[in-house]
**Q** 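One structure, as structure tokens, below. Some questions next.
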Amino acid sequence: MADPQEVLSHRVQSALGAAFGPEYAETDPVIRPSQFADFQANAALALAKRLGRKPRDVAAEIVERLDVDDVVREVEISGPGFINLTLRDEWIAAQAQQILADPRAGVAVQEAQNIPIDYSAPNVAKEMHVGHLRTTVVGDALARTLEFLGHNVIRQNHIGDWGTPFGMLIEHLLDVGEHSEQADLLKSDPNAFYQGARAKFDGDEEFATRARRRVVALQGGDAETLRLWGELIELSKSYFNKIYRKLDVTLTDADLAGESSYNDALEGICRELEDKGIAEVSEGALCVFLDGFTGREGKPVPLIIRKSDGGYGYGTTDLATIKYRAEVLKADRILYVIGAPQHLHLEMVYGTAREAGWLDGGTTPIHVQIGNVLGSDGKILRTRSGAPIRLMALLDEAIERAGRVVAENRPDLDEATRAEIAREVGVGAVKYADLSVSHDNEYVFDFDRMLALNGNTGPYLQYATARIRSIFRKGGLTPEEATGPIRIAEPAERALALTLLGFGPVVEQVGDSLEPHRLCAYLFDLAQTFTSFYEHCPVLKAEDADVRASRLALTAATLRTLVLGLSLLGVSAPEQM
RNA sequence: GCACCCGUAGCUCAGUGGAUAGAGCACCGGACUUCUAAUCCGAUGGUCGCAGGUUCGAAUCCUGCCGGGUGCGCCA
């Protein structure tokens with residue numbers, strides 16, 4: 001066990017039990033990183049009141065019973081009753097050695113949960129916007145991280161592939177021709193296709209009539225209409241996959257679970273909720289009213305599950321997803337990586353599912369709220385002309401900007417290599433920018449900042465890995481050949497080794513809290529701690545062979561941790577930059 | 001009107017009820033015949049929106065207020 005915080009927790013808890021009786025052995029010892037030592041235990045302050053004694057006396061008694069000599073070099077009571085703990089260099093070195101030998105870099109495998117993750121969810125025949133970009137990137141990072149922690153992740157790309165707009169889209173497809181250039185726009189510039197259809201729908205009464213008739217045919221299961229609908233899906237899949245491949249996102253066609261896949265379940269959902277007395281008819285629509293949900297003028301807010309015209313909306317589909325994921329997929333947690341504005345709606349879906357008993361098997365639905373991406377004006381990101389930004393163009397611009405920097409700094413590399421580096425850096429920068437701020441906050445999109453080589457950015461972390469790889473190339477060995485033994489003498493070595501021990505805990509924390517930005521912050525800290533180490537401690541030019549072997553081992557452990565950490569975020573690390 | 005989110009350094013953002021609130025950027029001052037300077041070291045910069053409350057201890061928890069954003073019946 002390499003996590004100092006956990007080791008110290010157990011030791012302090014034992015001391016608490018020994019000092020104050022077994023009923024205190026479960027007390028949280030409140031181990032925290034400290035600015036005066038490596039860690040501090042704050043339990044004494046909280047316990048003082050309960051025990052009716054002075055905090056410093058309580059701390060003294062804990063210290064007296066504390067058995068940590070093998071781990072801790074110095075124990076000191078300070079201030080009102082803080083217990084400062086300074087770890088032994090040898091212990092840190094030994095733990096770092098274990099991390100180096102562990103292919104998982106100190107991340108424990110957890111008891112497997114079934115975790116469906118709903119993320120990305122673009123619409124057929126529509127451009128993905130920066131909001132989709134963020135749920136795609138955050139959802140994918142969570143999928144990768146939870147999978148690595150040992151969970152059974154089931155990716156659910158809930159694409160918008162059903163509804164009334166399809167009448168218009170199908171008629172437009174027929175008008176322009178299935179294999180026309182216009183139809184091919186769906187693969188590259190879907191909004192152009194959509195807007196073409198929309199314009200006709202709004203301006204041409206005859207077209208609008210055809211479109212409405214087509215919706216009826218689609219819902220009625222007309223074979224030719226379904227074939228054309230399938231064609232729209234296929235063309236759109238081509239667009240989605242182009243984006244996913246460029247983004248290096250793990251979603252494939254196998255993960256598609258679009259709205260249409262629940263069509264057959266909707267009628268049953270409504271009947272079940274009506275039979276259970278959860279749904280009732282109001283103003284012609286079948287609705288669920290839940291306690292605690294009121295809107296304007298105190299009127300109860302409905303979750304509409306069947307419209308007054310008999311059709312179904314997203315509320316019904318979302319209920320079908322939660323029932324399916326809970327009962328068929330046997331989900332322990334269901335993650336909805338979806339925009340923050342949909343919070344109220346999702347709460348109503350959860351509440352309805354709970355009342356219906358669908359979550360009784362121990363399923364917890366969780367809304368991973370995605371904040372809006374803003375422009376520098378603080379408004380939702382758009383082009384100067386006010387149009388939504390095309391995602392592919394945005395990625396291409398990031399790659400192009402990265403390419404300019406690479407060309408400037410690495411004229412020695414051939415063009416193909418530079419292009420690949422530019423792609424990894426540009427895409428990595430965009431993804432990292434989405435991941436490094438807490439997901440539920442809005443954040444301001446800024447190319448210059450995300451592509452900077454300084455600061456908490458993707459390129460900075462990638463550069464740190466590229467530099468380390470360069471050390472091994474120059475040294476004529478592979479990172480795997482650097483096995484230590486790790487010894488600690490210099491403060492910079494100590495700081496680096498101690499930071500390495502924090503990887504396992506932070507990955508576990510991301511799995512629990514579903515906050516990838518914590519991993520970003522950790523990796524940035526690790527990279528900074530490494531560059532500082534690298535500045536102060538010669539590695540290849542170390543004074544003797546033992547020191548060199550130890551520093552190479554620390555360097556190898558850092559590289560593996562950085563690359564593994566970035567991979568959990570879905571950010572690649574180029575061999576050179 | 002009701003609900004949710006947010007308010008921390010000039011800017012962008014972190015912050016597990018614990019000691020003197022942190023990064024990055026920008027600005028200022030240093031370090032390159034380099035182990036990749038695409039870097040590093042240092043300095044400056046704060047009434048944590050305001051006011052109460054709980055607590056030994058509050059940026060963090062509770063209440064009220066101010067300011068900003070979002071949502072609130074047949075779109076998703």
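Here is how names work: the chains are called A, B, and so on, in the same order as the sequence lines, proteins then strands, and each is numbered from 1.
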**Q** Choosing from B/A19, B/C40, B/C4, which nucleotide comes nearest the side chain of A/N454?
**A** B/C40
**Q** Nearest 0.5 Å, what's the CG-CD1 distance between A/L273 and A/I269?
**A** 6.5 Å
**Q** OP1 or OP2 of B/C41 versus the side-chain N and O atoms of A/S532: is any pair under 4.0 Å?
**A** yes
**Q** Closer than 4.0 Å, any side-chain N/O of A/R518 to the OP1 or OP2 of B/G15?
**A** yes
**Q** So does A/R449 get a side-chain nitrogen or oxygen closer than 4.0 Å to the phosphate oxygens (OP1/OP2) of B/A26?
**A** no
**Q** Side-chain N or O of A/N84 less than 4.0 angstrom from OP1 or OP2 on B/A19?
**A** no
**Q** Counting side-chain heavy atoms from C-beta on, which of B/G69, B/U39, B/A19 comes nearest to A/Q40?
**A** B/A19
**Q** Measuring from the side chain of A/S308 (C-beta onward, heavy atoms only), which nucleotide among B/U39, B/A19, B/C74 has the closest atom?
**A** B/C74
**Q** Between A/K299 and B/C2, is there a side-chain N or O to OP1/OP2 distance below 4.0 Å?
**A** no
**Q** Does the distance from a Lys or Arg side-chain N to an Asp or Glu carboxylate O, for A/R404 and A/E408, drop under 4.0 Å?
**A** no
**Q** Just checking, is any N or O donor in the side chain of A/Y312 or A/E267 under 3.5 Å from an acceptor N or O on the other one?
**A** no
**Q** Which class fits the ring pair A/F533 and A/F530: parallel under 30°, tilted 30 to 60°, perpendicular over 60°?
**A** tilted
**Q** What I want to check is whether an N or O donor and acceptor connect the side chain of A/T457 with the base of B/G24 at under 3.5 Å.
**A** no
**Q** Taking pairing as Watson-Crick or G-U wobble with both contacts under 3.5 Å, can you name the mate of B/G45, or confirm there isn't one?
**A** none
**Q** Is there a donor-acceptor pair closer than 3.5 Å between any side-chain N or O of A/Y432 and the backbone N or O of A/L569?
**A** no
**Q** Is there a side-chain polar atom (N or O) of A/H517 under 4.0 Å from OP1 or OP2 of B/G15?
**A** yes
**Q** Indicate whether OP1 or OP2 belonging to B/G18 is found under 4.0 Å from a side-chain N or O atom of A/Q35.
**A** no
**Q** Roughly how far apart are A/R410 CZ and A/I421 CD1, rounded to 0.5 Å?
**A** 6.5 Å
**Q** Looking across every strand, which nucleic acid part, if any, lies under 4.0 Å from A/Q342 by heavy atom: base, sugar-phosphate, or nothing?
**A** base
**Q** Looking at every strand, decide which applies to A/Q576 at a 4.0 Å heavy-atom threshold: base, sugar-phosphate, or nothing.
**A** base
**Q** Which nucleotide in the list B/G71, B/A38, B/G69 gets nearest to the side chain of A/E442?
**A** B/G69
**Q** Would you classify A/N441 as touching base, sugar-phosphate or nothing, given that sugar-phosphate means primed atoms plus P, OP1 and OP2, and contacts are heavy atoms under 4.0 Å?
**A** sugar-phosphate
**Q** Do the side-chain N or O atoms of A/S438 get closer than 4.0 angstrom to the phosphate oxygens (OP1, OP2) of B/A14?
**A** yes
**Q** What's the closest nucleotide to the A/L344 side chain, out of B/U39, B/C72, B/G73?
**A** B/C72
**Q** Side chain of A/R410: nearest nucleotide among B/A76, B/A38, B/G18?
**A** B/A38
**Q** Using a heavy-atom cut-off of under 4.0 Å over every strand shown, decide if A/A466 touches base, sugar-phosphate, or nothing.
**A** base
**Q** Within the structure, does a side-chain N or O atom of A/K307 lie under 4.0 Å from either OP1 or OP2 of B/C75?
**A** yes
**Q** Using a 4.0 Å heavy-atom cut-off across all strands, classify A/P302 as base, sugar-phosphate, or nothing.
**A** base
**Q** Is B/C72 paired to anything, Watson-Crick or G-U wobble with both distances less than 3.5 Å, and if yes, which nucleotide?
**A** B/G1
**Q** Between A/Q342 and A/G339, is there a donor-acceptor pair closer than 3.5 Å when you use the side chain of the first and the backbone of the second?
**A** no
**Q** With a cut-off of less than 4.0 Å, is there a side-chain N or O of A/T531 near OP1 or OP2 of B/C40?
**A** yes
**Q** Among B/G18, B/C2, B/C74, find the nucleotide with the atom closest to the side chain of A/T294.
**A** B/C2
**Q** B/U36, B/A19, B/G73: which one has an atom nearest the side-chain heavy atoms of A/K474?
**A** B/U36
**Q** Does a side-chain N or O from A/Y460 land closer than 4.0 Å to OP1 or OP2 of B/C25, or not?
**A** no
**Q** Would you mind classifying the nucleic acid contact of A/R469 as base, sugar-phosphate or nothing, using non-hydrogen atoms under 4.0 angstrom?
**A** nothing
